[in-house]
Amino acid sequence: MENIAENLLKTRARIVAAEQKYGRPAGSVSLLAVSKTHAADTIRIAVAAGQHHFGENYLQEALEKIGVLPQADLIWHFIGPVQTNKTRQLAENFHWVHCVDRFKVAKRLSESRPAHLAPLNICIQVNISGESTKSGVATEQVAELARQILPLPGLSLRGLMVIPAPQTDFELQRVAFRQTRLLMQELNATGMQLDTLSMGMSDDLETAIAEGATMVRIGTAIFGSRQT
Ligand SMILES: *Cc1c(COP(=O)(O)O)cnc(C)c1O
């Protein structure tokens, strides 16, 4: 049985240590606890330990948990691939969607965002250097997609998200994160005001923080390994 409260403390300590080591301002990296495959009771333990941001990959599973965890202070992030026919449920139930990779999806999310809710926060998923995962937008197409998304009234474009191919070497890991950061800087140089780099998981959060991550998505290091 995992000690979730202790794992959360350890993970937060890793984040703080990396902020210090790489000259990042204290508190500039937020922790998204990735709770996919873990039960609502498990999430409750994390909530009791002070965790508020949760990431889910599978819509049906996520909706069941959101339904039994109605606390207003929980912030739900969808971090799985977005299917066009699921956009309404995403827009109605989540605060963030991290994997937007085409305009059609963005437009539908915007149109289905209920008017009484704040705009849905989104990140564009980038496919840095044509990595093995086929999801994400090619680097050279990100600026165009961002320009199309910005005027959509139901969305707030916050930044970029990346899932690089796994690397064991720190310097190799670093390349994809650096390219993602530079890409966001280029977009901001054209007048955009993006503030979020969603990158870094249990095995590479330090590397991601070294290259500017503002939100790390951590599952295994908090909840233990997942049943497949
Ligand atoms: C599952 C998942 C994570 C968490 O990965 P861990 O290695 O368990 O920390 C992060 N991001 C995405 C997109 C995921 O699907």
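Positions are given from 1 along the sequence. Remember, it's 1-based here, ligands and their atoms both numbered in the order they're listed.
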Q: Supply the atom-to-atom distance Thr196 OG1 to Met184 CE, rounded to the nearest 0.5 angstrom.
A: 7.0 Å
Q. Heavy-atom contacts under 4.0 Å between Asp203 and ligand 1: side chain, backbone, both, or neither?
A. neither
Q.
For a side-chain hydrogen bond (donor to acceptor under 3.5 Å, both in side chains) check, start with the C-alpha distance between Thr87 and Arg108, then their side-chain angles and the critical distance, and finish with the verdict.
A. CA-CA 6 Å; Thr87 45; Arg108 289 179 65 131; 3.3 Å; yes
Q: Write down the atom of Arg113, the atom of Phe94, and the distance for their closest heavy-atom approach.
A: NH1-O, 2.8 Å
Q. Of the protein's non-hydrogen atoms, which lies at the shortest distance from atom 10 (C) of ligand 1, and what is that distance?
A. Met201 SD, 3.1 Å
(Q) Donor-acceptor check, side chain of Glu19 to backbone of Val29, threshold 3.5 angstrom: yes or no? (A) yes
Q: Could you find the nearest protein heavy atom to atom 9 (O) of ligand 1 and give me its residue, atom name and distance?
A: Ser202 OG, 2.5 Å
Q: Specify whether Trp96 and His77 have parallel, tilted or perpendicular ring planes, treating 30° as the upper limit for parallel and 60° as the lower limit for perpendicular.
A: parallel
(Q) Only heavy atoms of Lys36, strictly under 4.0 Å: list the atoms of ligand 1 that pass. (A) 1 (C), 2 (C), 3 (C), 14 (C), 15 (O)
Q: Pull out every atom of ligand 1 sitting under 4.0 Å from any heavy atom of Ile79, numbered as shown with elements.
A: 11 (N), 12 (C), 13 (C), 14 (C)
**Q.** Thr220 neighbourhood, listing ligand 1 atoms whose heavy-atom distance to it stays under 4.0 Å
**A.** 6 (P), 7 (O), 8 (O), 9 (O)
Q. Counting both backbone and side chain atoms, is some N or O of Ala221 under 3.5 Å from an N or O of ligand 1?
A. no
Q) Which atoms of ligand 1 are found less than 4.0 Å from any heavy atom of Ile218? A) 9 (O)
Q: Mark up the atoms of ligand 1 that fall under 4.0 Å of a heavy atom belonging to Arg217, in ascending order.
A: 4 (C), 9 (O), 10 (C), 11 (N), 12 (C), 13 (C)
Q. Does His95 reach the main-chain N or O of Trp76 with its side chain, forming a donor-acceptor pair under 3.5 Å?
A. yes
Q: Can you see which heavy atom on Glu92 is nearest to which on Pro114, and at what distance?
A: CG-CG, 3.9 Å
Q: Scan side-chain atoms only and decide if Arg158 and Ser198 contain a donor-acceptor pair under the 3.5 Å cut-off.
A: no
Q | Ligand-side contact atoms (ligand 1) for residue partner Asn57, heavy atom cut-off under 4.0 Å | A | 14 (C), 15 (O)
Q.
Could you tell me, atom by atom, which parts of ligand 1 come under 4.0 Å of a heavy atom of Ile163?
A. 13 (C)
